[in-house]
Amino acid sequence: MAEEKEQRYDPAAIERKWQERWAAEPALYAAEPASSKKPKYYVLEMLPYPSGQLHMGHVRNYAIGDALARQMWMRGYNVLHPMGWDAFGLPAENAALKNNTPPREWTQGNIAAMKRQMRRIGFSYDWATEITTCLPDYYRWNQWFFLRMLEKGLVYRKKSKVNWCPECATVLANEQVVDGCCWRHEDTKVEQRDLEQWFLRITAYAQELLDGLDKLEGWPEKVRTMQRNWIGRSEGAEVDFFLEEQGAREQGSKRSESQRIRVFTTRIDTIFGATSVQLAPEHPLVAALAAGDPKLKAKVNELIEEQRKAREAGDVGGIEKHGVPTSRFALNSYNGERVPIWVANYILMDYGTGAIMSVPAHDERDFEFATKYGIEIRQVIQPVQPVEYEDGAELLPFLSEDGVLVNSGEYDGLTCAEAQRRLQEVAEQGGFGNAAVTFRLKDWGISRQRYWGTPIPMIHCERDGLVPVPDDQLPVILPNKIEITQQGGSPLARVPEFVNTTCPRCGGPARRETDTMDTFIDSSWYFYRYTDAKDTKAPFDSAIAQYWFPIDQYIGGVEHAILHLIYSRFWTKVMRDLGMVTNDEPAERLFTQGMVIKDGAKMSKSKGNVVSPDDMVARYGADATRMYALFAAPPDRDLDWQEDGVAGVSRFLGRVWRLATKYAPVARSEAAKPSIAANGSAVQLRRKLHQTIAKITLDFEGRWHFNTCVAAIMELVNELQAADAQLAAGEIPAPVVRELLRTLALLLAPFAPFLAAELWEQLGGEGAILRASWPRSDPSLAKEDEIEIPVQINGKLISVVRVAAGADAKTIEAAALADEKVRLRAATKTVAKVIVVPGRAVNLVVK
RNA sequence: GCGGAAGUGGUGAAAUGGCAAACACACCAGCCUUAGGAGCUGGCGCCCAAAAGGCUUGCGGGUUCAAGUCCCGCCUUCCGCACCA
């Protein structure tokens, strides 16, 4: 067989063969039912939007998940590894406009194309559980959930200021606005509009979403921090100031009992330092005060305009603080002090109460504002540690809570913390305030004025008002026949067959809601559907979900840290409260992989640096492409795509192929007795093999540094190749050859599944390699008998000595002192101390 | 401004506090030839003609017998947050 002509490594042929084989045998990748004896493992990668083209970011994401899934199969787990399509969304409508293709057709075509790409790359998905969110059998459950939430009071409708993307011609959620621009159209400024919207009451879970983060130890700290910031909890108090009666000044201040101004503050302890009350320009009271004052009204409108512009520019923090005084005053509830009421552009109507007490001495923003307008700055907190002045340095504003109250009447001398407690109590007893917690998180606006989404299952009846669609009339089907135009408003409103209906309550004529749902709803619960994808009675079977959940490992990009990942957590908690699941969180562990970049920049069409997976696969094969994606960098770091690197991996796989096919006949031969001669090369090769198994196995359990796993396999192959002469001469016993090559195939299986499967077959492996057992490292075989110990003098490396692996300190010391280089160096000096770390190093301290 | 991550050869990178640069890419030299996007051998951090030797993990300190790794200060880059009362 040494003369046998070498067959060249032909990835295209091998991959085609196995792709067909796997397609014909879908059960290979199917999870066993919940009754399985095996331990379960749910590995999930984020489902893609079916744009029609897989990009390298997907390939990397899915290569990581696939390596894990395959390894877990081989380790004997019952693995659920599904895939689906986040198939609703605006691009389908844009494509419809552009190519005159209906969104459904366009989407289905893209799904088919991407599925082909995924099969071509060899991801081990169970296609029997595939879900497509734009199909009625999926989105009907969005509608069903909407109705359940409505029953629970988690859905409401209100007119509100919304983010409007002119490009999308629809509303965006707060989470979808990035730097004042649309998350899909980075150059398109988001506008503010007033519209009637459906909201999900995610804020009802704000506290729990926050608390849960502490327990999500398997999630990256970065993501948890981002979510904490997003939820933005702040603890403080709400307290009323009273509006002074107009024209009451002459007779002494008189408070209006009906008109209160409620402010939110985290520093109630500084209230005696409040020297003005500041209202947001859109505060209802402002409109009332400005009603009879055209000048004020004009100025307020300017402030509103400034805020709007800043918001649209995404630079709310950057605008210069402006304000305008009103002619009215507010009275401090604690001491009756009279302070002016201003309207200021740095006060936001949608946070807290839209009004603040301004304490310039103890708040930076108030300080800036008061300095500008000459408003009194009154210090009411005395630092415990006297603040040191450098000449001319400002003491104020003093922001720390490490101080005691001054200028605060009966509260003088209390610490800030004590004062906060006391003042809150007093406010509560006096009926003018209470402790309060405010969140930055807003309710989730889900209405979209688009066609390609889940219809909101509500009916507007002239008589009965808003009526939910009864469960037995679900799904509300998205009509197929529709003309997509670029006109504003909901496209569905222009489809009479859809709009016109009868009221489920009175049977009279009624109109359907024509807005559709935000597509983030689709992805908020899709991973539950995978567990029971064909269910026609419910979104999924609770018992099955209970078996699979939580997801053991979720893998995706960090760009979803606050959108998808916060909505998903919310949805899980709602389902738990509906009694559908028992887990509090969807995923035990989350891994966020780095971006794929090219020439130092994110791949994008505009930069023209996009690398197509199809090209890579065509040139170098699927195995080389996905293996390079794992080899080029650790998975959590950004990866710079270098085509030469893919070529290198492909050449490596070619070496593996030649080596394995060359000695496959030996590995398969029954001739050799299983006795393994203790021949030097064989022992050494087996040692390397077992070291490699140990390294890779450990990495899968811990760090996931698949780049070094691939490197370890390369080292192993380099050693095998260096032993080619011995192999060719038959000096390595056949059972050892078999062990070496079969194990090599097993180790490759998570990374290069096509080649691994082919070699497994050629090496006479039983059954599918995916069902073969992951190799075990035998420590006694992996152990070295002799090791090298570095010898240092005063910490500097001088020499290296070889000693037996288990050598004790004494032996190592003797060997080190006997070393010639060491003797030369130490000859004229006194050895003061010898530090020996057995198995590690020797250090001689000499003087 | 606040929070986080990262800075190591020409490049991607590796290194439980114990031989810095494994494994690759690129490059150089040679061999082979069925002339291939092939294969094989060797070289490849910097200084020095070479050897010997010296230097080297963004910068400056420190801890330690020993620091890329731990601590303190600074610089740079990237990411997130940023009038949130």
Side-chain angles (χ1 to χ4, degrees), chain A residues 5-6 8-9 178 220-226 228-230 232-234 236 263-267 270 278 280 307 310 314-321 344-348 350-359 362-366 368-369 438-441 558-559 561-562 594-595 600 619-620 628 631-634 636-652 654-655 658 698 705 707-718 721 724 788-800 832-837 839-846:
Chain A
K5 209 160 192 190
E6 262 183 25
R8 275 194 59 191
Y9 170 54
V178 181
E221 193 51 53
K222 183 190 166 88
V223 172
R224 296 199 277 167
T225 304
M226 285 168 75
R228 268 187 208 106
N229 291 341
W230 188 261
R233 179 184 201 271
S234 63
V263 303
F264 174 71
T265 177
T266 56
R267 292 298 303 274
T270 65
Q278 303 282 345
Q307 280 195 336
D315 189 24
V316 183
I319 63 173
E320 207 195 319
K321 289 181 184 45
N345 67 349
Y346 70 101
I347 309 302
L348 308 170
D350 62 2
Y351 184 78
T353 59
I356 64 152
M357 61 180 204
S358 175
V359 185
H362 303 290
D363 182 283
E364 270 178 331
R365 297 152 301 178
D366 297 346
E368 189 189 329
F369 192 87
T438 297
F439 292 95
R440 207 188 80 119
L441 182 73
V558 75
E559 64 272 17
I562 42 183
M595 279 191 310
R619 284 183 213 189
Y620 306 103
Y628 173 76
F631 175 61
D636 55 332
R637 247 200 265 177
D638 284 352
L639 181 157
D640 193 54
W641 195 270
Q642 295 184 9
E643 190 168 335
D644 285 336
V646 191
V649 172
S650 176
R651 285 197 295 269
F652 164 73
R655 277 200 294 282
R658 281 191 300 278
L698 192 70
H705 277 198
N707 54 328
T708 62
C709 292
V710 175
I713 297 174
M714 288 173 169
E715 281 187 53
L716 172 65
V717 171
N718 288 349
Q721 190 162 300
D724 187 55
E788 290 188 332
I789 304 276
V791 183
Q792 301 169 324
I793 291 181
N794 293 340
K796 277 180 79 146
L797 179 73
I798 299 303
S799 186
V800 173
K833 198 173 169 191
V834 182
I835 289 138
V836 181
V837 184
R840 284 278 170 216
V842 180
N843 194 4
L844 309 179
V845 183
V846 306

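All values derive from a computational prediction rather than experimental measurement. Within every chain, numbering begins at 1; the chains are lettered A, B, ... in the order of the sequence lines, protein sequences first and strands thereafter.
- Phosphate contact (OP1/OP2 of B/A14, side-chain N/O of A/R637, threshold under 4.0 Å): present.
- In this structure, the CE atom of A/M595 is 18 Å from the P atom of B/A5, given to the nearest Å.
- Side-chain proximity of A/E715 to the nucleotides B/A15, B/C23, B/C19 is greatest for B/C23.
- Listed pair A/S234 / B/A85 meets the phosphate criterion, a side-chain N or O lying under 4.0 Å from OP1 or OP2.
- Between A/N718 and B/A24 there is a side-chain polar atom (N or O) within less than 4.0 angstrom of OP1 or OP2.
- In this structure, A/K833 does not reach the B/U64 phosphate: none of its side-chain N or O atoms is under 4.0 Å from OP1 or OP2.
- Heavy atoms only, all atoms of each residue included: A/I562 and A/M226 are closest at CG2-O, 3.7 Å.
- Note: CH2 (A/W641) to P (B/U11) measures 21 Å, nearest angstrom.
- Consecutive Watson-Crick or G-U pairing (both distances under 3.5 Å) extending over three or more pairs maps onto RNA chain B as B:1-7 with B:75-81, B:10-12 with B:23-25, B:27-31 with B:39-43, B:45-47 with B:53-55, B:58-62 with B:70-74.
- Side-chain atoms of A/L348 lie closest to B/A85 of the nucleotides B/C81, B/G12, B/A85.
- Protein atom CG of A/N707 is 15 Å distant from nucleotide atom P of B/C25, rounded to whole Å.
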Please produce a list of atom pairs where a protein N or O lies less than 3.5 Å from an N or O of nucleotides 26-33 of chain B.
from, atom 1, to, atom 2, distance (Å)
B/A26, OP2, A/R651, NH2, 3.4

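- Side-chain N/O atoms of A/N345 include none lying less than 4.0 angstrom from OP1 or OP2 on B/C83.
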Check the interface with nucleotides 40-42 of chain B: list each N/O to N/O pair with the protein under 3.5 Å, or write none.
from, atom 1, to, atom 2, distance (Å)
B/C40, OP1, A/Q721, NE2, 2.9

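- We find that CZ of A/F631 is positioned 8 Å from C1' of B/G12, with the value rounded to whole Å.
- Base engagement by A/I356 is indicated by at least one non-hydrogen atom pair under 4.0 Å involving a base atom.
- B/G60: glycosidic angle beyond 90° from 0, hence anti.
- Of the candidate nucleotides B/C65, B/A22, B/G37, B/A22 has the atom lying nearest to any side-chain atom of A/A711.
- Candidate nucleotides B/C19, B/C65, B/A82 were compared by shortest atom distance to the side chain of A/N843, and B/C65 ranks first.
- Comparing the C1' positions of B/C47 and B/C40 gives an interatomic distance of 33 Å, to the nearest angstrom.
- Considering only side-chain atoms of A/M226, the nucleotide from B/A13, B/G80, B/A85 that sits closest is B/G80.
- Scanning atom types as modelled, one donor and one acceptor separated by under 3.5 angstrom connect the side chain of A/Q792 and the base of B/G18.
- Projected onto RNA chain B by closest heavy-atom contact, A/T438 and A/D640 fall at different nucleotides, the more 5' of which corresponds to A/D640.
- For A/E788 and B/C19, a side-chain-to-base donor-acceptor distance below 3.5 Å is present, hydrogens and geometry of angles not being considered.
- Here A/D366 lies out of heavy-atom contact (under 4.0 Å) with every strand.
- Residue A/Q642 contributes atom CD, which lies 21 Å from atom P of B/G37 at whole-angstrom precision.
- One can place NZ of A/K796 at 8 Å from P of B/U56, the figure rounded to the nearest angstrom.
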